[in-house]
Peer 1: 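I'd like to ask you about the structure that follows.
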Amino acid sequence: MSRPVAAALSVLVLAASAAPAVAVPPAAAVRAPLATVPWQSAGPGWAIAEYNASIFVPGFPGKDKAGPTTLYLTSPQGHKYPFYTWPATYKGLRYTLLDWSGDRQRVLLASYGTVNRLEQISLVTGKVVSAFSLPTSVSPARYTRPDGLNLLALRATTGSADQVVRYDLTGHRQAVLTPVSNFDGVIDSPDGTAVVAGTSRGLVVVGNTGQFSRSLHAPVAVAWCSPVRYWNALTVLAVCAAKGFSTSRLWLFPVGGGTVKALTPQRGNKGPDLGDFAAWRLTSGLYLQALGACGSEFIARQDTSGAAHPVNVPGTAGNNQIVTGLGARLLVRAVGGCPGGGSLLWFDPATSAVQYVLHPASGVVGVEVAVPYGRPLTS
C-alpha cells in the first residue's frame, strides 16, 4: 500500500537477501562487559540501536567490506553499551530490530521474507533466549504492554482485510482481538488492558481479551487511520489520510469517547511538508515528523497558525527520523547519503545543538534501526 506512514515505516524492514559486507564498529564502540550494561536504569530517552558496520564503495561492489552488526543500549546522556553482535562471518538469516520489552530485559528481532522467524535477545546475558516462527501471512508488530509477555501482530486474510492477533512468545496464537476489517496499524495501552487499531473510518478500541469496546470515528471522511502512540493517558495520536487527499495529517482521539481534535491541518501537495505522521511536544514547541519529496523524511516545527517550518539538523543530509523526545531534545536517526551513513544523535531544535551517539565513518551503513524504551507520553 502506498501510504506515507507505510513508506516511513519501511525503513524498519531490510531486504531478505544477503546483506553486503561490513567493516569495523566505530572506534568508541568497544564491547562493554555485560555487567556494565545498565538495562535496569532504562527509562524515557533510552533506546536500542542496531548498528551495521558494513562498508559500501559506490561503483566498485568488489571493494565492499564485511563487518559486524551490533546492538547498543543508549542513554539520554549519549552513552552507548554494546550487548550483542553478529560477526562479519555470520551467514544465517538477516534479522532486524523490531521492539524492546517493557521489562527492559529483552529485544525482539524479525527476519522477513520467505521465513517469518523471530528471536529474543537478552540485555542481561547478551544471548538469544528464544526463537520461534509465525505463519507467513502474519506481520509481527510489537511486544504487548506493559512487560512484553506476548506479541501483537496483523494477520492477512482474504482480500485486503486484516485481523489484529495476539501470539505468545513461542509462536502460538492466543486470540483474535478484532473482527475482520480494514485495519491499519495497532498499539496497546500503557497498562496493556486495551488495544487500539486503525480502520477505514478512524480507530477501534478493544479489550486485550478481544471483547469489543468502541469505535472512534474521524470527523472527516478518511481512507485510513493508524494509531501512532498514546499522546497522554486518555488520548491517542493517530495519522489519517482524508478521502480526496494524498497527504496525511495528525488527529487526537479520546479513547473514552468525545471530540476528536486535529493536531495538524490538512496539507497541500506542493510541499515541502507532504504529510505529517508523528509529533512530539518539546519545551520549545510542537515538532512534526513530516514527509518530503521522494519518500524522504524531515523534522518540522508547527507554529500557532498550523504552518509547518522545516528544521535544519546541522551536519546531516536532511533526511531525519525522530526516534523519541525528552525535555528540550529529540533523539534522531539521521539517514546519510547513498549508501549508508545512518547516525543516532540528540538534537535541540531551539539551540541547534547536536550530540552524536553513533556516528559512522564515510561509506559505513551505520544505524539502521533505533527503538525507544516504552511509548512515551507527550503531554
Peer 1: Hey, quick one: are Leu252 and Leu234 part of the same hydrophobic cluster, counting side-chain heavy atoms closer than 4.5 Å, chains of contacts allowed?
Peer 2: no

Peer 1: How far apart are the closest heavy atoms of Val236 and Pro227, and which atoms are they?
Peer 2: CG1-CB, 4.0 Å

Peer 1: Taking Asp99 for the side chain and Tyr143 for the main chain, is one N or O donor matched with an acceptor at less than 3.5 Å?
Peer 2: yes

Peer 1: Please determine whether side chain to side chain contact (heavy atoms under 4.5 Å, CB included) holds for the pair Asn208 and Leu177, giving the CA-CA distance in whole Å, both sets of side-chain angles, and the decisive distance to 0.1 Å.
Peer 2: CA-CA 7 Å; Asn208 65 359; Leu177 300 180; 5.6 Å; no

Peer 1: What is the distance from atom OG1 of Thr247 to atom CG of Leu291, rounded to the nearest 0.5 Å?
Peer 2: 9.5 Å

Peer 1: Any side-chain to backbone donor/acceptor pair from Ser75 onto His79? Under 3.5 Å, distance only.
Peer 2: yes

Peer 1: Restricting to non-hydrogen atoms, name the atom on Val186 and the atom on Ala141 that form the minimum distance, rounded to 0.1 Å.
Peer 2: CG1-CB, 3.9 Å

Peer 1: If you round to the nearest 0.5 Å, how far is CG of Asn52 from CH2 of Trp86?
Peer 2: 9.5 Å

Peer 1: For a side chain to side chain donor-acceptor pair (under 3.5 Å) check, start with the C-alpha distance between Ser133 and Arg117, then their side-chain angles and the critical distance, and finish with the verdict.
Peer 2: CA-CA 4 Å; Ser133 296; Arg117 187 77 171 165; 3.0 Å; yes

Peer 1: Looking at Glu297 and Asn319, would you say the former's side chain and the latter's main chain have a donor-acceptor pair under 3.5 Å?
Peer 2: no

Peer 1: So which heavy atom on Ala110 is nearest to which on Leu98, and how close?
Peer 2: CB-CD2, 4.4 Å

Peer 1: Would you mind reporting whether Gln163 and Leu154 have side-chain heavy atoms less than 4.5 Å apart?
Peer 2: no

Peer 1: Give, for atom OH of Tyr230 and atom CZ of Phe253, the distance between the pair rounded to the nearest 0.5 Å.
Peer 2: 13.0 Å

Peer 1: Hydrophobic clusters here meaning ILVMFWY residues chained together by side-chain heavy-atom distances under 4.5 Å, can you tell me if Phe245 and Val239 are in one?
Peer 2: no

Peer 1: Would you please say whether a donor-acceptor pair under 3.5 Å links the side chains of Thr170 and Tyr167?
Peer 2: no

Peer 1: Determine whether Val311 and Phe347 make a side-chain contact, defined as any pair of heavy atoms from C-beta on separated by less than 4.5 Å.
Peer 2: yes

Peer 1: Between Leu118 and Leu108, does a side chain to side chain contact (heavy atoms under 4.5 Å, CB included) hold up when you go through it step by step?
Peer 2: CA-CA 7 Å; Leu118 294 98; Leu108 184 69; 4.0 Å; yes

Peer 1: Can a donor-acceptor pair be found, under 3.5 Å and without considering hydrogens, that links the side chain of Thr324 to the backbone of Gly45?
Peer 2: no

Peer 1: Is a side-chain donor or acceptor of Asp276 paired with a backbone partner of Ala279 at a separation under 3.5 angstrom?
Peer 2: no

Peer 1: Can you check whether Ile48 reaches Tyr373 side chain to side chain, under 4.5 Å on heavy atoms?
Peer 2: no

Peer 1: Please tell me if the side chains of Pro372 and Trp46 come closer than 4.5 Å, counting only heavy atoms from C-beta onward.
Peer 2: no

Peer 1: When you measure from the centre of the six-membered ring of Trp346, is the NZ or CZ of Arg329 under 6.0 Å away and within 45° of the axis?
Peer 2: yes

Peer 1: Membership question, hydrophobic clusters at under 4.5 Å side-chain separation (ILVMFWY): are Val128 and Val371 in the same one?
Peer 2: yes

Peer 1: With rounding to the nearest 0.5 angstrom, report the CG to CZ distance, Asn150 to Arg145.
Peer 2: 12.5 Å

Peer 1: Under a 3.5 Å distance rule, please check whether Thr85 uses its side chain to pair with a backbone N or O of Pro87 as donor and acceptor.
Peer 2: no

Peer 1: Determine, stepwise, if the pair Tyr84 / Glu50 fulfils side chain to side chain donor-acceptor pair (under 3.5 Å).
Peer 2: CA-CA 10 Å; Tyr84 189 84; Glu50 180 178 327; over 6 Å; no

Peer 1: For Gly202 and Val222, work out which heavy atoms get closest and say how close.
Peer 2: N-CG2, 4.2 Å

Peer 1: When you look at Leu345 and Val313, which way does the side chain to side chain contact (heavy atoms under 4.5 Å, CB included) test go after all the steps?
Peer 2: CA-CA 10 Å; Leu345 58 92; Val313 181; 4.0 Å; yes

Peer 1: Supply the atom-to-atom distance Leu250 CG to Cys240 SG, rounded to the nearest 0.5 angstrom.
Peer 2: 8.5 Å

Peer 1: Is there side-chain contact between Leu73 and Leu123, with heavy atoms separated by less than 4.5 Å?
Peer 2: yes

Peer 1: With heavy-atom distances below 4.5 Å as the criterion, would you say the side chains of Ile121 and Phe83 are in contact?
Peer 2: yes

Peer 1: Spell out, as yes or no, whether a donor-acceptor pair under 3.5 Å connects the side chain of Asp188 to the backbone of Gly192.
Peer 2: no

Peer 1: To the closest 0.5 Å, what do you measure between NZ (Lys127) and OG1 (Thr125)?
Peer 2: 6.0 Å

Peer 1: Keeping Ser101 on the side-chain end and Arg106 on the backbone end, is there a donor-acceptor pair under 3.5 Å?
Peer 2: yes

Peer 1: Take Arg173 and Arg155 through the side chain to side chain contact (heavy atoms under 4.5 Å, CB included) test and state the conclusion after the steps.
Peer 2: CA-CA 11 Å; Arg173 192 179 77 200; Arg155 185 177 68 173; 2.3 Å; yes

Peer 1: Determine whether a donor-acceptor pair (N or O, by modelled atom type, separation under 3.5 Å) exists between the side chain of Arg166 and the backbone of Leu151.
Peer 2: no

Peer 1: With the 4.5 Å side-chain cut-off for hydrophobic clustering, are Phe298 and Val332 part of the same group?
Peer 2: no

Peer 1: Spell out, as yes or no, whether a donor-acceptor pair under 3.5 Å connects the side chain of Asp348 to the backbone of Ser352.
Peer 2: no

Peer 1: Under a 4.0 Å N-O cut-off, is there an ion pair linking Asp273 with Arg267?
Peer 2: yes

Peer 1: Please name the pair of heavy atoms, one in Leu203 and one in Ser226, separated by the smallest distance, quoted to 0.1 Å.
Peer 2: CD2-C, 4.4 Å

Peer 1: Take atom CZ in Arg201; do more than 12 heavy atoms of anything else shown fall under 6.0 Å from it?
Peer 2: no

Peer 1: Determine whether Trp231 and Leu263 make a side-chain contact, defined as any pair of heavy atoms from C-beta on separated by less than 4.5 Å.
Peer 2: yes

Peer 1: Taking the side chain as everything from C-beta on, heavy atoms only, tell me whether Leu344 gets closer than 4.5 Å to Leu331.
Peer 2: yes

Peer 1: Salt-bridged, Glu119 to Arg94, with N to O below 4.0 Å?
Peer 2: no

Peer 1: List the atom of Pro265, the atom of Gly306, and the distance in Å for their closest heavy-atom pair.
Peer 2: CG-O, 3.4 Å

